[in-house]
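Data first, discussion second: the structure below is written as structure tokens.
Below, chains carry the letters A, B, ... as their sequence lines are ordered, and counting in each starts from 1.
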Amino acid sequence: MSVDPVFIGIAGDSGAGKSTFVRDIAALLGRDKVRTVSFDDYHSLDRVERKAVGITPLHPRANNLGLAIEHLFLLKQGKKVLKPVYDHSTGSFGDPEWVVPMPYIICEGLHPFFFKSLAELYDMKVFYDTDLELKFNWKVKRDTAERGYSVEQVAKEIRLRQRDIRNFVEPQCALADIIIKLKVSKNSSSAIGVDWKEPVDDPWIKRYLKSCNFDNWQCFTEWYAGRKMNVFGVYSDLIQDQLKDMGSIFSIRQDVLSKIKEKEVVPYRTMLVLFAARIKQIRAFKDKDGEVVFKDAV
Amino acid sequence: MTIISDREIATREAYGRALVELGRQNNNVVVLDADLAKSTQTIKFAKEFPDRFFDVGIAEANMIGVSAGLAACGMVVFCSSFAIFATQRVLNQIFQSIAYTNLNVKIAASHAGITVGEDGATHQSIDDISIIRSVPNMTIIVPADAHEAYEATFAAANFEGPVYLRLSRMATPVVTPPGKPFEIGKAVTLREGKDITIAACGIMVYEALGAAEKLSGLGVEAEVINFNTIKPFDRETLVESLIKTRAALSVEEHSIIGGLGSAVAECICEEFPVAMSRMGIRDQFGQSGKPADLLKQYQLTAEDIAKEALRLLETRRKANEIYEISASTKSDFGALESEVDGGIPDENSN
Amino acid sequence: MPFSRIVYKPEYDELEKKALIIRKNIVKMIAKAQSGHPGGSLSCVDILTSLYFRILRISPKHPKDPERDRFILSKGHAAPALYATLAETGFIPYEWLDDLRKIGSPLQGHPDMKKVPGVEMSTGSLGQGLSVGVGMALSAKILESGYRVFVLLGDGECQEGQVWEAAMSASHYKLTNIVAIIDRNGLQIDGCTEDIMGISPLGAKWKAFGWTVIEVDGHDFLELIPALEAISYTSKPTAIIANTVKGKGVCFMENNVDWHGKAPKPDQLEEALKGFEGVEFMESDEVEVDSSN
């Protein structure tokens with residue numbers, strides 16, 4: 001049986017919270033249906049070599065994007081690929097592993113849609129943007145604990161990276177279908193607030209919320225990366241029932257949802273549900289080979 | 001010609017120095033060792049050119065294979081170990097990966113012969129020349145002293161094809177002048193004489209020269225030839241000398257089977273039959289002991305050589321007597337026969 | 001990678017066809033010589049096809065190009081497979097195949113690098129190829145050259161101690177430009193490898209020696225080629241364990257240890273060739289043979 005996978009690309013700086021987000025999404029969609037491909041595995045240079053050449057992993061030259069294109073293309077054809085594996089703890093490559101096509105393939109990394117040829121492969125592209133303040137705290141926490149760096153090293157690296165982030169990572173937001181911005185919440189009830197931005201001319205969330213009778217959710221528009229965007233701010237708590245209601249449309253599993261680590265962070269959870277709903281819709285579209293289905297249209 | 005200097009230097013040390021100089025001159029020179037870099041003196045090269053030195057650990061077979069691979073990609077490879085491990089242990093690897101392919105690998109084996117000394121029979125290589133000599137495409141060089149070893153290292157590097165370079169552990173006196181270019185395949189006559197030819201190689205050249213001095217005192221003039229290349233064997237020089245002396249004595253720190261002695265014997269039998277005797281390890285194992293004591297034990301000192309030379313000459317004299325007797329008896333029979341047959345004149349009788 | 005693929009590379013179905021032609025030629029040449037090793041030759045055909053038509057950066061016009069990739073057939077008794085592949089690639093003329101193992105022929109019973117263009121190392125006595133490969137890979141490092149080294153070993157060959165000496169040294173020198181492919185057909189002259197001298201778990205052994213291990217179906221190009229391409233993204237030497245069938249492609253030889261080193265009789269050849277019906281020699285361009293060495 002050949003699978004036509006739903007390709008989701010999630011771009012964002014290292015430490016933006018992509019991995020956590022992908023893990024939670026995978027849990028929501030069902031782990032047996034999801035294959036995550038980390039673009040970190042497509043580093044073409046290991047840590048020692050990067051140091052010798054003097055470039056950060058943010059530079060596309062330090063990444064084997066050609067191979068990534070080839071692999072994604074093969075996966076899209078339903079073929080398995082032998083993917084490199086980059087080991088963050090040693091900064092070198094481990095044994096490559098086979099990736100077989102799954103209903104959902106989530107590619108996350110620094111450059112998942114850096115090239116147009118890459119961007120065209122995805123069914124949905126997300127730019128995962130995180131406030132610098134949040135990012136700093138998370139990255140220090142992770143890199144010191146898991147990847148063996150010291151706090152000073154991390155701080156220095158973040159400073160050095162800023163230019164490359166602006167040059168090579170951020171431009172991708174112009175190609176994104178959705179921009180998710182995590183930031184420190186103005187509302188005191190939770191630490192994290194989420195801005196969900198989508199182009200005005202492709203207003204999925206607007207239609208979706210309407211179908212869920214949430215059309216009282218206010219949004220404002222802003223110009224971002226050359227496009228006019230609707231921005232939905234998720235700061236206040238949505239009550240549990242509403243959340244359930246939203247999820248039920250695309251049978252988002254409540255038991256899984258409640259186990260998610262950041263469950264106390266309601267804005268984050270709301271965003272997850274919305275996201276999962278959107279992906280499931282694309283899956284349904286592919287399976288039925290038909291129109292995008294909305295509740296109001298059923 | 002006698003000893004040039006009283007200084008004693010081991011051939012392996014000269015090899016180590018030559019390697020460093022070679023490394024400076026040629027970027028393609030690569031050196032391998034099997035955990036004996038300090039003993040084989042490749043450590044000098046290792047210190048100066050760590051990128052071109054590979055210590056493959058205690059894995060001689062792999063060392064030969066890796067050498068072949070490096071040489072196949074255009075490198076000039078020197079690989080070193082003790083003679084016993086660099087030959088016996090890896091004969092098949094040398095045969096297939098180096099000799100059959102005629103690759104540019106130089107096997108520089110130190111600690112050859114019994115003068116390894118205290119380590120005993122397991123470390124004393126007494127058949128390496130014999131083993132390598134039977135492998136096609138191989139060239140065998142046995143420098144007589146440090147000067148020659150230094151030059152031989154360069155000669156081997158400049159030579160296209162596999163070379164076996166036999167080096168010694170023990171510091172030995174220098175018998176050749178420094179800076180004399182080494183010519184592969186050309187034996188060197190170190191002392192002229194008319195009574196007996198002493199063909200020697202390696203550290204035995206010094207002993208042979210000593211023996212020649214002793215013999216000279218007894219009125220016997222020995223010609224001493226340094227066979228620094230065992231293969232290809234310089235038959236011309238040997239035969240030229242034998243035309244004068246008509247007696248040959250081979251001396252080597254190696255089994256008398258298959259080594260220099262055999263090479264000399266083969267040449268004599270096939271080209272110019274004369275009286276001959278071989279000196280070396282007489283088909284037995286070595287043992288622990290001080291090198292000098294071992295040389296005495298295995299009868300490889302100047303005295304032993306002189307004694308053997310005299311014995312050989314005496315044997316030849318006796319043999320000649322017997323030959324003459326038998327020859328005269330034979331001619332009597334001939335005369336008798338002709339009489340019996342009825343006086344047919346024998347053409348050869350006058 | 002799409003960007004670097006300027007050179008034409010045949011697609012998978014074309015490779016299947018090449019492999020069939022090579023198999024047919026192997027059987028024919030061994031039958032003609034009336035001696036040789038069909039079993040181990042047939043088992044590694046798909047590996048050789050992947051290498052010569054998709055992976056190796058080599059050109060029959062420049063067999064001595066210093067930047068070429070190196071391939072060493074460490075299991076030298078599979079020489080017929082190598083010869084048939086070299087003929088198909090254009091390194092040697094097809095006519096040479098008729099003289100396999102004959103006196104004066106360049107095609108010796110085991111490969112001779114001095115006689116056949118495209119043969120990188122003379123092999124035959126087992127266990128030595130990987131050491132040589134390590135040497136070549138080291139030399140690429142010294143010369144700062146980009147070529148890669150591929151060594152094909154038999155599984156029985158892994159019983160040789162020297163293989164493991166070489167394996168140890170490759171990971172010690174951190175050689176990322178060497179691939180050892182193990183033709184795991186499970187049989188050796190005297191029987192099953194596991195009965196004679198067990199080498200399982202083979203993958204774990206290579207892993208323990210510090211190699212990246214990829215296990216594939218040795219007759220499936222979809223697995224073989226990605227595995228061989230994986231050399232570009234490992235930080236360690238790569239060992240590919242290719243599970244194969246000895247005598248693959250000839251029904252009565254498959255998995256039959258008797259066909260390790262026996263030539264088919266004329267009637268057997270006929271039966272074997274039935275399996276290759278419709279497979280024809282492909283006419284390649286005129287081959288110029290560089291016999292200068």
Can you tell me how far apart [atom1] ([X]) and [atom2] ([Y]) are? Round to the nearest 0.5 Å.
X	Y	atom1	atom2	result
Glu229(C)	Leu67(A)	CD	CG	8.0 Å
Ser235(C)	Glu49(A)	OG	CD	7.0 Å
Glu97(A)	Ile214(C)	CD	CD1	11.0 Å

Please check if atom [atom1] in [X] has more than 12 non-hydrogen atoms from other residues, nucleotides or ligands closer than 6.0 Å.
X	atom1	result
Lys33(A)	NZ	no
Tyr173(C)	OH	yes
Lys141(C)	NZ	yes

Open item on the list: Counting only non-hydrogen atoms closer than 4.5 Å, does His43(A) touch chain C with its backbone (N, CA, C, O), its side chain (CB onward), both, or neither?
Closed with: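 For His43(A), no heavy atom lies under 4.5 Å from chain C.
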
Task: Lys83(A), part contacting chain C, at a heavy-atom distance under 4.5 Å - done: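 The backbone, not the side chain.
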
Open item on the list: Within the structure provided, determine whether Glu223(C) and Leu82(A) are in side-chain contact (heavy-atom separation under 4.5 Å).
Closed with: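 Glu223(C) vs Leu82(A): side chains apart.
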
TODO: State, yes or no, whether a side-chain contact exists between Tyr233(C) and Asp46(A) at a heavy-atom distance under 4.5 Å.
DONE: no

Task: Among Val213(C), Thr238(C), Thr212(C), side chain to side chain contact (heavy atoms under 4.5 Å, CB included) partner for Pro96(A) - done: Thr212(C)

Task: side-chain contact (heavy atoms from CB on, under 4.5 Å) evaluation trace for Lys79(A) with Leu222(C) - done: CA-CA 8 Å; Lys79(A) 288 181 179 137; Leu222(C) 282 169; 4.3 Å; yes

Task: Heavy-atom closest contact (Asp95(A) atom, Trp211(C) atom, distance) - done: OD1-O, 4.4 Å

